[in-house]
Amino acid sequence: MHRTIPALAAALLLAGTLGACSDGSSDAKPAKRSATVKASAAAAKPKKLTGTYTAKLDAVSDGSVADCQSPSSVTCSDDLGAIMTVVDDLQKDIDAQGGAAKYPESTKQIAKMRAAQQEYEDNACEGDPTADDPNSDCWGTMQITVGSKTLTMTLNIDELS
């Protein structure tokens, strides 16, 4: 019984090795060519950023307009950070695919959002109770929260052009 198990294992290993060495070249070559053709087609066709980034921006900006009704809140600050992280990733992809020449409206929208983020940081809005005053300089957060929706539209427009 103890000799049967190693003998069976050796037989299965030998059968597997022989099966792998069989002449399957007619199947292997077309599969490799097909995979290469698909890879070449994918590389030749530029990646659409709209599908990827619309979903990401929607996910990170969900509820951010409401959260930023109090610009001083940590929740608002966290939302702005999450949105701008996705925007930074998008900017890198835009730069890799032709930059402002190919994505002029998206690039302009990103610049507006970056300016609003800088203003938020310069005014030290997070944690400042005066930031919630309607006359404060911290209400530029809307350029980011609502701007994320605008960015998805401009991205789509740029890719349709």
Side-chain angles (χ1 to χ4, degrees), residues 16 20 24-161:
S25 60
S26 63
D27 290 338
K29 287 181 183 176
K32 286 182 182 178
R33 273 190 241 132
S34 176
T36 303
V37 169
K38 287 179 185 176
S40 296
K45 186 177 180 182
K47 168 173 118 174
K48 291 280 188 184
L49 301 178
T50 304
T52 301
Y53 285 98
T54 297
K56 287 181 180 184
L57 285 165
D58 286 349
V60 296
S61 65
D62 186 38
S64 64
V65 172
D67 290 342
C68 287
Q69 292 303 309
S70 296
S72 67
S73 72
V74 172
T75 306
C76 177
S77 180
D78 290 347
D79 287 356
L80 298 178
I83 292 167
M84 292 310 293
T85 296
V86 174
V87 169
D88 290 342
D89 292 344
L90 173 58
Q91 182 67 61
K92 288 174 189 167
D93 276 349
I94 285 174
D95 291 344
Q97 292 197 26
K102 186 170 178 186
Y103 292 92
E105 297 305 315
S106 300
T107 302
K108 288 176 194 173
Q109 180 59 31
I110 289 171
K112 289 178 188 177
M113 294 170 75
R114 285 192 197 286
Q117 179 188 29
Q118 190 62 52
E119 183 177 295
Y120 184 82
E121 291 171 4
D122 290 349
N123 290 312
C125 298
E126 180 184 359
D128 180 4
T130 63
D132 298 337
D133 184 312
N135 296 318
S136 81
D137 292 328
C138 295
W139 285 92
T141 59
M142 292 300 171
Q143 286 289 338
I144 299 171
T145 57
V146 175
S148 67
K149 298 294 185 195
T150 305
L151 182 56
T152 60
M153 289 185 280
T154 59
L155 188 60
N156 192 38
I157 290 168
D158 285 340
E159 288 189 331
L160 291 175
S161 301

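- Pairs of residues two or more places apart, or lying in two chains, never qualify as side-chain hydrogen bond (donor to acceptor under 3.5 Å, both in side chains) while including a residue from residues 138-147.
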Practice task
Please lay out, stage by stage, how Y103 and L49 fare under the test side-chain contact (heavy atoms from CB on, under 4.5 Å).
Solution key: CA-CA 10 Å; Y103 292 92; L49 301 178; 3.5 Å; yes
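- The structure places CD of Q91 at 4.5 Å from CD1 of I110, a figure rounded to the nearest 0.5 Å.
- The nearest pair of heavy atoms linking S72 to A131 is CB-CB, 4.0 Å.
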Exercise for the section: Determine, step by step, whether M113 and I83 satisfy the side-chain contact (heavy atoms from CB on, under 4.5 Å) criterion, reporting the C-alpha distance in whole Å, the side-chain angles of both residues, the deciding distance to 0.1 Å, and the verdict. Expected result: CA-CA 10 Å; M113 294 170 75; I83 292 167; 3.9 Å; yes
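- The line from OG1 of T130 to CG of N135 is 11.0 Å long, rounded to the nearest 0.5 Å.
- For residues 114-133, the set of pairs meeting the salt bridge (Lys or Arg N to Asp or Glu O under 4.0 Å) definition, not counting sequence neighbours, comprises D88-R114.
- In this structure, Y53 contributes its side chain and L151 its backbone to no donor-acceptor pair below 3.5 Å.
- Looking at every heavy atom in both residues, N123 comes nearest to C138 through CB-SG, 4.1 Å.
- Annotation: the span from T107 atom OG1 to D158 atom CG amounts to 7.0 Å, rounded to 0.5 Å.
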Show every donor-acceptor pair shorter than 3.5 Å between a side-chain atom in residues 63-70 and any protein atom, with sequence neighbours excluded, or say none if there are none.
{"unit_1": "S64", "atom_1": "OG", "unit_2": "S61", "atom_2": "O", "d": "2.8"}
{"unit_1": "Q69", "atom_1": "NE2", "unit_2": "V65", "atom_2": "O", "d": "3.1"}

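- With Q117 contributing its side chain and M84 its backbone, the two residues share no donor-acceptor pair below 3.5 Å.
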Problem - Test log, rule side-chain contact (heavy atoms from CB on, under 4.5 Å), inputs L155 and L90 - result: CA-CA 10 Å; L155 188 60; L90 173 58; 4.1 Å; yes
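- Between the side chain of T152 and the backbone N or O of K149 there is at least one donor-acceptor pair closer than 3.5 Å.
- Judged purely by atom type and a 3.5 angstrom limit, Q97 has no side-chain atom pairing as donor or acceptor with the backbone of K102.
- Between the side chains of Q109 and T154, no donor-acceptor pair of N or O atoms lies under 3.5 Å.
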Exercise for the section: For side-chain contact (heavy atoms from CB on, under 4.5 Å), just list the numbers for S148 and V60, CA-CA rounded to whole Å, side-chain angles, deciding distance to a tenth of an Å, and then say yes or no. Expected result: CA-CA 9 Å; S148 67; V60 296; over 6 Å; no
